[in-house]
Undergrad: 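Handing you a structure now.
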Amino acid sequence: GGDAVTTTAAAQGARAALRQRYLRGLAAARGRPTRFCLRAGVRVDAVFGAADVDAVAFQVDALQTPLGVQAAALLRCADVLAYSFLLD
Amino acid sequence: MNDWQRKSPVDWETYVNKMVKVAAIEKHEYEGWVLTVDPVSASIVLATFLENEKVSISVVLGHAVQKVEILKEGDDEMKQRLSYIFAPEESKAYSP
């Protein structure tokens, strides 16, 4: 009925607005030094590159590991709890 | 999937422009103003204003979110401030 159509339209509008702001956020993160908080209290620093559409992995550059700096790496989203970066 | 990931976009939208405390797995906690929630991953994007006029952005991944508590509503000034954070450059040029 009409209610279902209204509900669907509202949900699609909300979804589009939320996603658009999220994608702008990813664009803002690109190239910025970012700290990733991984499982088991592990924290790593890297330069944010990109995220894939399905939120499976983050591509990062200059990942700092105890074994040295990895020029390019993928962090699995399932291993990441959170990440943060600064905007100026 | 956790309860937070199962919410609808309309539910997530009610958190936007609000100051929240996010309880994540492994006893992590995050506080900040909600900029958005990614409808694909349910990741929540938080902004914190620092003293040096920089903005710190924290993203808590949807799979790690356990509970989101609303601490404060944003007023019109805060909503506008938040809307400028990720705004495209051309719209910033016309901001007062």
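Quantities reported herein were computed from a predicted structural model and do not represent experimental measurements. Lettering follows sequence order; numbering is per chain, from 1.
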Undergrad: Under 4.5 Å, heavy atom to heavy atom, which residues of residues 6-21 of chain B contact chain A?
TA: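 If one takes a 4.5 Å heavy-atom cut-off, the residues of residues 6-21 of chain B near chain A are B:P9, B:V10, B:W12, B:E13, B:V16, B:N17.
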Undergrad: Tell me, with the steps shown, if B:W4 and B:V37 meet side-chain contact (heavy atoms from CB on, under 4.5 Å).
TA: CA-CA 10 Å; B:W4 175 254; B:V37 179; 3.9 Å; yes
Undergrad: Rounded to the nearest 0.5 Å, how far apart are CZ of A:R15 and OG1 of A:T8?
TA: 12.5 Å
Undergrad: Please state whether the side chain, the backbone, both or neither of B:S83 comes within less than 4.5 Å of a heavy atom of chain A.
TA: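 Both backbone and side chain.
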Undergrad: Any side-chain heavy atom of B:R81 sitting closer than 4.5 Å to one from B:W33?
TA: no
Undergrad: Any idea which of B:S43, B:S41, B:A64, B:P39 has the most non-hydrogen atom pairs under 4.5 angstrom with chain A?
TA: B:P39
Undergrad: Within the structure provided, determine whether A:L26 and B:D38 are in side-chain contact (heavy-atom separation under 4.5 Å).
TA: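 The answer is no, as the side chains (C-beta and beyond) never meet within the 4.5 Å cut-off.
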Undergrad: Distance from A:F48 atom CZ to A:Q59 atom CD, nearest 0.5 Å?
TA: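 The CZ atom of A:F48 sits 9.0 Å away from the CD atom of A:Q59.
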Undergrad: To the nearest 0.5 Å, tell me how far B:H63 NE2 sits from A:L81 CG.
TA: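 Output value for this atom pair is 6.0 Å.
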Undergrad: Between A:C77 and A:V56, is any pair of side-chain heavy atoms under 4.5 Å apart?
TA: no
Undergrad: Is the A:Y83 ring parallel, tilted or perpendicular to the A:F58 ring (thresholds 30°, 60°)?
TA: perpendicular
Undergrad: Quick one: what part of A:A11 sits under 4.5 Å from any heavy atom of chain B, side chain, backbone, both or neither?
TA: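 The answer is both parts of A:A11.
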Undergrad: What residue, out of B:V59, B:N52, B:V55, B:L35, has the most heavy-atom pairs lying under 4.5 Å from chain A?
TA: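 Option with the top pair count is B:V59.
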Undergrad: Identify the heavy atoms of B:V60 and B:A24 that sit nearest to each other, and give their distance.
TA: CG1-CB, 4.2 Å
Undergrad: Give the member of A:A40, A:A14, A:A28, A:A27 that has the highest number of heavy-atom pairs under 4.5 Å with chain B.
TA: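 Top count of heavy-atom pairs under 4.5 Å with chain B: A:A14.
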Undergrad: Which residue out of B:E26, B:H28, B:K54 racks up the most heavy-atom pairs below 4.5 Å with chain A?
TA: B:E26
Undergrad: Measure A:R39 against the heavy atoms of chain B and call it side chain, backbone, both or neither at under 4.5 Å.
TA: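 Both parts, backbone and side chain.
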Undergrad: What distance do A:L86 atom CG and B:S58 atom OG have between them, rounded to the nearest 0.5 Å?
TA: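 That separation rounds to 9.0 Å.
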Undergrad: Nearest 0.5 Å please: distance from the CZ atom of A:F36 over to the CG atom of A:D45.
TA: 9.5 Å
Undergrad: Give, as side chain, backbone, both or neither, the part of A:A78 having an atom under 4.5 angstrom from any heavy atom of chain B.
TA: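 Backbone of A:A78 only, per the 4.5 Å heavy-atom cut-off to chain B.
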Undergrad: Same cluster or not: B:L46 versus B:I85, using hydrophobic residues (I, L, V, M, F, W, Y) connected whenever any side-chain heavy atoms lie under 4.5 Å apart?
TA: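 No.
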Undergrad: When only pairs under 4.5 Å are counted, which of A:C37, A:A17, A:A10 shares the most heavy-atom pairs with chain B?
TA: A:C37
Undergrad: Rounded to the nearest 0.5 Å, what separation is found between the OG1 atom of B:T36 and the CD atom of A:Q20?
TA: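 Nearest 0.5 Å value for the OG1-CD distance: 9.5 Å.
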Undergrad: What are the residues of residues 65-75 of chain B, in order of number, with any heavy atom under 4.5 angstrom from a heavy atom of chain A?
TA: none
Undergrad: What pair of heavy atoms forms the shortest contact from B:I57 to B:A47, and how long is it?
TA: CD1-CB, 4.1 Å
Undergrad: Side chain, backbone, both or neither: which part of B:I44 has a heavy atom under 4.5 Å from chain A?
TA: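 No part of it gets close to chain A.
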Undergrad: Can you tell me which of A:G13, A:A55, A:G25, A:A51 forms the most heavy-atom pairs within a distance under 4.5 Å of chain B?
TA: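 Highest number of heavy-atom pairs under 4.5 Å: A:G25.
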Undergrad: Distance-only, no hydrogens or angles: does the A:D61 side chain make a donor-acceptor pair with backbone N or O of A:V47 under 3.5 Å?
TA: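 No, A:D61 side chain to A:V47 backbone: no donor-acceptor pair under 3.5 Å.
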